[in-house]
Amino acid sequence: MRGAAIMNDVTLQSLPDGLGAAGCLASRLGVAAQEIALHRFPDGEVRVTVAAPAKTVLIYASLDAPNDKLIEILFAAEALRRNDVRRIVLVAPYLCYMRQDTAFHPLEAVSQRVLGRLLAGVVDRVVTVDAHLHRTHDLHSVFPGIAADDLSAMPAIADHLLASPCDPATVIVGPDQESRPWVSSLAARLGLPFTVAQKTRGGDRAVTIALDEAAVRDRPVLLVDDIVASGGTLVECARALTAAGATAIDAIITHALFPADLIDTFKQSGIRSIRSTSSVPHPTNAIPLDGILAAALQDELTDTGRKKPQ
């Protein structure tokens with residue numbers, strides 16, 4: 001049975017909630033897409049059953065609602081290794097626990113460090129999109145001893161926007177200084193001006209926004225953010241933009257982590273439309289990421305890529 005199972009060089013296996021996006025990625029790569037089966041016992045424990053293994057297995061698991069998924073990945077990796085899989089690549093378009101890169105208060109755990117060491121011990125490479133890094137300069141330092149790729153969603157977002165061109169008067173707006181790199185990259189790709197707001201955070205859900213009012217007055221705005229969870233920043237940005245005289249506000253989000261019922265709240269705050277990438281399954285998904293992920297994973301389809309030193 002084992003010899004018959006390992007028939008392909010590369011397969012892609014996905015946790016159940018990511019099967020749609022995983023199937024698109026597998027199609028681009030020309031590999032099989034398979035489901036990792038989960039069974040929940042009455043006491044909350046999970047049984048994980050992987051599909052037929054290959055020499056290299058790409059595990060597709062976007063890590064929103066991460067705690068259960070991390071256990072599922074660990075169990076899947078154990079089953080794959082025990083069945084002679086040589087290389088495991090974790091494809092996690094959204095990567096959890098990146099913001100806590102230091103102890104902000106005494107006795108706090110540094111979750112980024114814990115997660116990095118944990119995953120580095122079970123997979124050979126991590127591929128993600130727009131990791132939410134603050135003081136950490138690059139993703140490689142999070143995952144000791146393995147390869148790590150932090151892809152930008154901006155090429156995929158730009159392609160989507162160029163397919164239905166924006167009003168040439170549009171200004172791209174980032175919600176804070178951290179957004180400057182990706183906002184400036186998107187603006188350059190679209191040939192549009194940009195500005196970045198100043199955000200002051202008073203807690204998990206309390207923020208104030210200050211912006212260059214002259215830059216947005218009497219112009220449509222494309223508000224671009226990497227992660228939206230509680231929605232407070234997006235709402236405050238929309239209010240500030242409306243007060244500054246923006247004629248229309250549309251929003252683009254890389255990782256949509258907010259409850260779907262907040263969409264109405266965003267619209268009431270003045271946001272005309274909200275689109276997100278496919279990094280996390282969400283009603284606002286409109287921008288596929290399979291193109292940038294497939295490009296990054298092409299080297300896994302060749303012996304040279306799979307044997308490259310880490």
Side-chain angles (χ1 to χ4, degrees), residues 14-29 33 60-65 91-95 127-132 151-175 179 182-183 185-192 194 220-231 233-235 237-238 241 246-296:
S14 174
L15 294 182
D17 74 330
L19 276 174
C24 294
L25 175 57
S27 179
R28 275 190 179 264
L29 292 171
Y60 188 97
S62 201
L63 292 174
D64 57 308
V91 183
Y94 172 68
L95 186 61
V127 178
T128 190
V129 178
D130 287 337
H132 198 51
L151 310 179
S152 171
M154 292 308 114
I157 291 172
D159 287 347
H160 172 79
L161 293 170
L162 288 169
S164 300
C166 302
D167 183 328
T170 298
V171 179
I172 299 179
V173 175
S179 69
W182 67 79
V183 168
S185 171
L186 182 61
R189 291 173 183 276
L190 299 177
L192 296 174
F194 76 93
V221 164
L222 185 63
L223 181 58
V224 182
D225 205 353
D226 63 338
I227 297 178
V228 174
S230 68
T233 296
L234 208 65
V235 167
C237 278
L241 289 165
T247 58
I249 306 167
D250 296 293
I252 297 284
I253 302 159
T254 302
H255 307 298
L257 305 181
F258 59 90
D261 58 11
L262 278 182
I263 295 173
D264 287 340
T265 301
F266 295 150
K267 291 183 177 179
Q268 290 166 12
S269 72
I271 298 174
R272 180 172 61 179
S273 70
I274 305 170
R275 287 165 285 179
S276 64
T277 76
S278 59
S279 71
V280 175
H282 197 272
T284 59
N285 286 170
I287 305 167
L289 295 177
D290 50 283
I292 63 169
L293 291 170

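Excluded from the calculations below are hydrogen atoms, water molecules and symmetry mates; all remaining heavy atoms, backbone and side chain alike, are included.
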Which pairs of donor and acceptor atoms, one on a side chain in residues 263-272, lie under 3.5 Å apart (sequence neighbours left out)?
from : atom 1 : to   : atom 2 : distance (Å)
S269 : OG     : F266 : O      : 2.6
R272 : NE     : D250 : OD1    : 3.1
R272 : NE     : D250 : OD2    : 3.4
R272 : NH2    : D250 : OD2    : 2.6

If I compare all heavy atoms of [X] with all of [Y], which pair ends up nearest, and what's the gap?
{"X": "Y60", "Y": "A21", "answer": "OH-CB, 3.3 Å"}
{"X": "A153", "Y": "T277", "answer": "CB-CG2, 4.4 Å"}
{"X": "G18", "Y": "S14", "answer": "C-OG, 3.4 Å"}
{"X": "P175", "Y": "T233", "answer": "CB-CG2, 3.7 Å"}
{"X": "S152", "Y": "P155", "answer": "O-CD, 3.3 Å"}
{"X": "V221", "Y": "A246", "answer": "CG2-CB, 3.9 Å"}

Between [atom1] on residue [X] and [atom2] on residue [Y], distance to nearest 0.5 Å:
{"X": "I157", "Y": "I292", "atom1": "CD1", "atom2": "CD1", "answer": "8.5 Å"}
{"X": "L15", "Y": "L63", "atom1": "CG", "atom2": "CG", "answer": "8.0 Å"}
{"X": "L222", "Y": "L192", "atom1": "CG", "atom2": "CG", "answer": "8.0 Å"}
{"X": "L293", "Y": "T128", "atom1": "CG", "atom2": "OG1", "answer": "8.5 Å"}

Enumerate the salt bridge (charged side-chain N to carboxylate O under 4.0 Å, His left out) contacts for residues 281-291, please, sequence neighbours excluded, ordered by first and then second residue.
R28-D290
Pairs involving residues 251-263, ordered by first then second residue, that meet salt bridge (charged side-chain N to carboxylate O under 4.0 Å, His left out) (sequence neighbours left out)
none
Go through I252 and L161 one step at a time and tell me if the side chain to side chain contact (heavy atoms under 4.5 Å, CB included) criterion holds.
CA-CA 10 Å; I252 297 284; L161 293 170; 4.3 Å; yes
According to salt bridge (Lys or Arg N to Asp or Glu O under 4.0 Å), who are the partners of D130, at least two apart in sequence or on a separate chain?
none
Mind checking salt bridge (Lys or Arg N to Asp or Glu O under 4.0 Å) for D17 and listing every partner two or more places apart, or none if nothing turns up?
K69
What I'd like to find out is whether the side chain of [X] reaches to under 4.5 Å of the side chain of [Y], using heavy atoms alone.
{"X": "I172", "Y": "L190", "result": "yes"}
{"X": "C237", "Y": "L223", "result": "yes"}
{"X": "T254", "Y": "L289", "result": "no"}
{"X": "V224", "Y": "F194", "result": "no"}

Taking it one step at a time, do L151 and V127 satisfy side chain to side chain contact (heavy atoms under 4.5 Å, CB included)?
CA-CA 7 Å; L151 310 179; V127 178; 3.9 Å; yes
For S276, give me all partners under side chain to side chain donor-acceptor pair (under 3.5 Å), at least two apart in sequence or on another chain.
T284, N285
For residues 269-289, which residue pairs qualify under ring pair (Phe, Tyr, Trp, His ring centres under 6.0 Å), counting only residues two or more places apart or in two chains?
F258-H282
Under 3.5 Å donor-acceptor, H255 side chain and A131 backbone:
no
Do the side chain of S179 and the main chain of D225 share a donor and acceptor less than 3.5 angstrom apart?
no
Which residues pass the side chain to side chain contact (heavy atoms under 4.5 Å, CB included) test with [X], not counting sequence neighbours?
{"X": "A33", "value": "A26"}
{"X": "S185", "value": "M154, R189"}
{"X": "A188", "value": "none"}
{"X": "D167", "value": "A169, T170, P220"}

